[in-house]
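Before any comments, here is the structure.
Residue numbers start from 1 in every chain, and the chains themselves are labelled A, B, ... in the order their sequence lines are given, proteins ahead of strands.
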There are 2 protein chains.
Amino acid sequence: MTQTLIEPRRASPEAVVDVTRVAVSTVIFSLRRDPGTDRLAVVVPLVMRTRDPHEGQWALPGGWLDATESLDAAASRTLAETTAIAPSYLEQLYAFGAVDRSPTRVVSIVYWALVRPDEIPAAPVENVSWHDVAELPRLAFDHNHIVEYALWRLRNKVGYSRIAHGLLADEFTLAELREVYESILGRRLDPANFRRQAENSGTLIPTDRFRTGSHRPARFYRYNQDVELADRGPLASERTPENESSTS
Amino acid sequence: MTQTLIEPRRASPEAVVDVTRVAVSTVIFSLRRDPGTDRLAVVVPLVMRTRDPHEGQWALPGGWLDATESLDAAASRTLAETTAIAPSYLEQLYAFGAVDRSPTRVVSIVYWALVRPDEIPAAPVENVSWHDVAELPRLAFDHNHIVEYALWRLRNKVGYSRIAHGLLADEFTLAELREVYESILGRRLDPANFRRQAENSGTLIPTDRFRTGSHRPARFYRYNQDVELADRGPLASERTPENESSTS
DNA sequence: TCAAAAGTGTTTTGAATACACCCATGC
DNA sequence: GCATGGGTGTATTCAAAACACTTTTGA
C-alpha cells in the first residue's frame, strides 16, 4: 500500500517544464524502547524509494496531492497508506518549495504526526522501517532537513502543550509520562516536580487502577478529553472528521 | 504593479480539471495611528480584485508561484510588487488547501510580514488600501479566515520574541515600544514592569538621544542587531538574500 | 507651580527548581 | 528487613505583577 512519489498523469509532456506539482509528506513520530539500553527512543517510519529520483534511499512517507482532496485529507491518506493506523495528533508543519529540492519542481506540504506505540501494527509493512531520529541515514531530497525541523517543533511544543499524550496509551503512570518527556527533550526531569506540574495542569484524571511491579504500585491516569492536545488557534475549526483521532 | 490572481498559461485546456495551482499570498502587518482616537491600530494592505472570482472584493496581495522561484522568493516578489517596500520580517504562515476555497483548485502558501510604518510609501498604490484588522470587510476567498489566523500567530509570537521591533523605526522610546505591544495585544501594560522586562531582555541598546516633548524627555533605544527577531529553529538557515530585510 | 510622562523602588505572588524525606510493595 | 521506585513536604530562587513614589521637562 505504500505510495511513493511517481509521476502523475499529465495532459501533455510540454507542460512539464512549467508545472509545479504539490506533494504531501508526513513526519510520523512514535516511541520505541531500545532493547539494549532500555531507553525510549523517538522513531519515525521511512519508506525505501524504489525508483528515481533517489532510488534506494530512505524517504518520508508521502504522495501527490489529489485534485479532489484537502491537504489535511491527503496527509491522512498518506499516513494510513503507509502505516495503516490513524495518528493521535496531526498538524501541518511547513511548506517546502526550494527550486532545486527535486529534479522536477515539487512543493511539499509537510505534516507531522504522533502515533501511540501500541497502535503500530506488529506486522511490518513492505519497504517501511522505523528509524531512531538520533541515528538517521542520509535521506532522499531535503528530508533530513525536514525531520530536523519537525523535531525542533516537537521539542518546542512539548514544553507548552500536552502533545506528549499523543504518544501514550489511554492509561499511563506519571513515570511513563515523564519518560516520554525525557526522551523527547533529551534530559532527565525531577520526578517530584514533574508530578506537581502534571497534577496542576488540569488535564489528568486519576483512575483507581495501579501498575503493579516489583515495587510500590503506581497510579494509572487518563487524559481529560475536554482539553485539546494543543492550541491551534483559529485553525482548530478547520479540522475535518478524517483527521479526528481515536482520542475522541 | 499590483498582481492579482489571473489564470496562468497552461499547456492545454483539458488539463484544467486535473491541475492544482500554487499561489502565494502575504498578510502584511503594519501600524497606523487613528487620527480620531489617537490610538495605534494594526493594519493590513488589501488589493481590490478586478476580475472574477470575487471581482470587486478586497483580497490579500498575492500571485502565482513561478516555476523558477522559491516560495520565499515568491512571497518577497509579491510583497514588493504590492507595496514597493521590503518587510522587516517575513515568515511562512500556513498552506491553505481546502478543495472549495476557490472555484478552481488552488493551494495557497501564505506568508505574514511586518513593515515599519515609516517605510510605507506615502503615495498610494492603485487598487491597494490599508485596513484596520479590527474592522475588515468581507474578503475574497477564505482570506478573512487567513487574516484571523495570522493575527493569532502575531499575538502569540509577540509574547515570546521581539518581533514587535519589526514594526518600529531604528530608534524609539520605551513608551513607543510599549504602545506597539499594547496595540497588538489589545490591553494596557504597566510602564514600569514593561521597562524592566525590556531592559533585561538584552536586546535593547540605549542611545544618548532623547525624544523631547511637552514633558520629561524619553531616552531613545536601538535594537541589538546580533539578536534575531524570532527563533526560527533549523529553518533559519533557509533564509535567502532576497528575504533579508533592511534590519541587517 | 502644575500636569504629565519618564523612570525607580518595594512588596507580593506564583511557578520552577532542588532536594530531603516518607510510603508501599516484591523479594 | 531492604531495595526500589512511588509519592509528599519544604526551602530557595526567579520572574511577573501591582503600585507607591521620585524625577524632569513644557507650559
Sub-3.5 Å donor-acceptor pair from the side chain of B:His143 to the main-chain atoms of B:Ala59, do we have one? no
Classify the ring geometry between A:Tyr223 and A:His165 as parallel (under 30°), tilted (30 to 60°) or perpendicular (over 60°). parallel
Can you give me the closest heavy-atom contact between A:Pro61 and A:Ile28, atom names plus distance? CG-CD1, 4.1 Å
With distance as the sole criterion, is a donor-acceptor pair present between the side chains of A:Arg196 and A:Asn193 under 3.5 Å? yes
Parallel, tilted or perpendicular: rings of B:Phe96 and B:His145 (30°, 60°): perpendicular
List, with names and distances, any nitrogen or oxygen atoms from the protein found under 3.5 Å away from nitrogen or oxygen atoms belonging to nucleotides 24-27 of chain C.
{"from": "C:dG26", "atom 1": "O4'", "to": "A:Ser214", "atom 2": "O", "distance (Å)": "2.8"}

What residues in residues 180-210 of chain A put a non-hydrogen atom under 4.0 Å from any atom of DNA chain D? A:Ala192, A:Arg195, A:Arg196
Heavy atoms of other groups near B:Arg39 CZ, more than 12 under 6.0 Å: no
Starting from P on D:dG6, measure out to CZ on A:Phe220 and report it in whole angstrom. 12 Å
Minimum heavy-atom separation for B:Thr207 and B:Phe220, please, with both atom names. OG1-O, 2.8 Å
Please verify the inter-ring angle class for A:Tyr149 with A:Trp152; under 30° counts as parallel, over 60° as perpendicular, anything in between as tilted. parallel
